[in-house]
Amino acid sequence: KMKFCLRLIVVAASAFLTPMISAHEGHEHAKQLDRASALESASLKMVELIEEGQLDRFWSIQDAENIQVARINGLQNWIISYLDPESRHRLEVIFSMAGDFVSFSIRPLSETAAN
């Protein structure tokens, strides 16, 4: 009788815990970018974009002017900005908080909020 009770407890516990464990599978390793890793991710992405011909090599020698978290379409994202004072353009490289590349854009300073 004691063995049966133990089995019943084990079965009941596993039935209760299994959905909880599988629902969070993979999330325990997901980490959010911090400021330093956002900057590193932006630098690596810029190299990739230059190699693909989507970005001018000039941007690779620029230091980040601003690194901030901002809400875009309801989601928080890292925005890493680079400034070209001569042409008066700003490059923005955007990553999700989880580190996924979202987009990049180059715009005249007159079109950006932080000029």
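No continuous path of ILVMFWY side-chain contacts below 4.5 Å connects Val47 to Val93, so the two sit in separate hydrophobic clusters. When hydrophobic clusters are built by joining Ile, Leu, Val, Met, Phe, Trp and Tyr residues whose side-chain heavy atoms come closer than 4.5 Å, directly or via intermediates, Ile67 is grouped together with Val69. With hydrophobic clusters built from ILVMFWY side chains whose heavy atoms lie under 4.5 angstrom apart, Leu44 does not share a cluster with Met46.
Residues Gln62 and Leu91 form no side-chain contact, since every pair of their non-hydrogen atoms from C-beta on lies 4.5 Å or further apart. Using a 4.5 Å cut-off on side-chain heavy atoms (C-beta onward), Phe95 and Asp100 make no contact. Counting only heavy atoms from C-beta outward, the side chains of Leu109 and Leu83 approach each other to under 4.5 Å. Using a 4.5 Å cut-off on side-chain heavy atoms (C-beta onward), Asn77 and Met97 make no contact. No side-chain heavy atom of Phe101 sits under 4.5 Å from any side-chain heavy atom of Glu48. Counting only heavy atoms from C-beta outward, the side chains of Asp84 and Tyr82 never approach each other to under 4.5 Å.
Taking CD of Gln68 as the start and CH2 of Trp78 as the end, the distance is 9.5 Å to the nearest 0.5 Å. Here the CD1-OG distance, from Ile80 to Ser41, works out to 7.5 Å after rounding to the nearest 0.5 Å. Rounded to the nearest 0.5 Å, atoms CD (Glu40) and CG (Asp34) are 9.5 Å apart. Here the CD1-CD1 distance, from Ile79 to Ile94, works out to 4.5 Å after rounding to the nearest 0.5 Å.
Residue Ser96 comes nearest to Leu33 through the heavy atom pair O-CD1, 3.9 Å, listed as atom of the first residue, atom of the second, then distance. Nearest heavy atoms, Ser81 versus Glu92: OG-CG, 3.7 Å.
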Exercise for the section: Show your reasoning for whether side chain to side chain contact (heavy atoms under 4.5 Å, CB included) applies to Leu55 and Ile106. Expected result: CA-CA 9 Å; Leu55 193 60; Ile106 300 173; 3.5 Å; yes

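No more than 12 heavy atoms of other residues, nucleotides or ligands sit less than 6.0 Å from atom CD of Glu86.
Checked by atom type and distance alone, the side chain of Arg88 never pairs as donor or acceptor with a backbone atom of Ser110 at under 3.5 Å.
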